[in-house]
Structure formats: structure tokens, C-alpha cells
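Structure first, then comments.
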Amino acid sequence: MDRETRLKRLRYRAWHRGTREADLMIGGYFDAHGAGWNEAELAWFEALLEEQDVDIMAWAMGVQPCPEQWDGAAMQRMRVMDFVPLPS
């Protein structure tokens, strides 16, 4: 699959998680960073999307220890959460 199609697919999967909170966190993260990802980063995110939303969110918020396979620079960027819009 070409890169553009892959990014569109990932964006859809990131924004259609099942809860608004997960959509904002995971979809917002993808929107903020996805366009610049290399092949390894895309593969990491694709694999991460197979995990449960509650686990991804807990790892990103630091309320559960993050498994080693997911803990790294990309998860550190997710933990910043400056990509989640807050209501005024």
C-alpha cells in the first residue's frame, strides 16, 4: 500500500476508537505527528493500535507501567499530550 493510503487508514483507525477520550488522545497524537513518521514509526503506531484503548491511555497518562515494547521516544511524545484540544 502506498504511503498516502496507509496514512489515511491509520488516521481513520486512530480517530475511530470507540470513545471520545480515546479518539482525542490517539487521533490527536496521530494528527500532530503522523505525517512526519518514517517506516519504523508507522509500524510502531500500527501495532500500538492493536492494543486496548484503556491500556494505551493508561500508559500515556502514566497510571500504568508501559510495557517495554511500547516505551520509547514515540510514547514519550504521546505523554506530553499537548496535541489534545481542551475546551475553553
Side-chain angles (χ1 to χ4, degrees):
M1 147 180 5
D2 65 79
R3 181 176 174 85
E4 183 178 333
T5 302
R6 189 176 183 191
L7 288 171
K8 285 179 183 178
R9 182 175 182 262
L10 282 173
R11 185 174 195 284
Y12 181 87
R13 290 182 64 206
W15 275 103
H16 293 86
R17 302 300 298 176
T19 66
R20 188 65 181 147
E21 294 84 359
D23 291 348
L24 287 169
M25 180 181 286
I26 299 166
Y29 178 73
F30 177 79
D31 283 355
H33 301 286
W37 286 340
N38 62 32
E39 176 61 33
E41 292 165 321
L42 287 171
W44 178 90
F45 191 71
E46 283 174 326
L48 180 71
L49 291 179
E50 297 300 321
E51 297 293 330
Q52 296 294 315
D53 294 344
V54 294
D55 292 330
I56 296 170
M57 293 173 68
W59 301 332
M61 291 186 290
V63 296
Q64 278 185 358
C66 187
E68 188 176 318
Q69 72 189 57
W70 305 120
D71 206 11
M75 184 58 72
Q76 292 299 322
R77 282 191 301 276
M78 186 179 275
R79 286 185 181 128
V80 174
M81 289 192 216
D82 59 353
F83 49 85
V84 178
L86 299 175
S88 303

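Taken from CZ in R77 to CG in D82, the straight-line distance is 11.0 Å, to the nearest 0.5 Å.
Listed here is the closest heavy atom pair of F83 and A32: CB-CB, 3.7 Å. Residues F45 and Y29 approach most closely at CE1-CD2, 3.8 Å, considering heavy atoms. The nearest pair of heavy atoms linking W37 to L42 is CE3-CD2, 3.8 Å.
The salt bridge (Lys or Arg N to Asp or Glu O under 4.0 Å) test applied to R3 returns no partner, not counting sequence neighbours. Residues forming a side chain to side chain contact (heavy atoms under 4.5 Å, CB included) with D2 (at least two apart in sequence, or on another chain): E4, T5.
Annotation: salt bridge (Lys or Arg N to Asp or Glu O under 4.0 Å) contacts involving residues 18-38, sequence neighbours excluded, comprise R11-D31.
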Please set out all donor-acceptor pairs under 3.5 angstrom arising from side-chain atoms of residues 46-53, sequence neighbours excluded.
unit_1, atom_1, unit_2, atom_2, d
E46, OE1, R6, NH2, 2.7
E46, OE2, R6, NE, 3.0
E50, OE2, R13, NH2, 2.7
D53, OD1, R17, NE, 2.7
D53, OD1, R17, NH2, 2.6

Please set out all donor-acceptor pairs under 3.5 angstrom arising from side-chain atoms of residues 55-73, sequence neighbours excluded.
unit_1, atom_1, unit_2, atom_2, d
W59, NE1, P65, O, 3.4
D71, OD1, R79, NH1, 3.0
D71, OD1, R79, NH2, 3.4

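Side-chain contact between L24 and W15: present, with at least one pair of heavy atoms (C-beta onward) separated by less than 4.5 Å.
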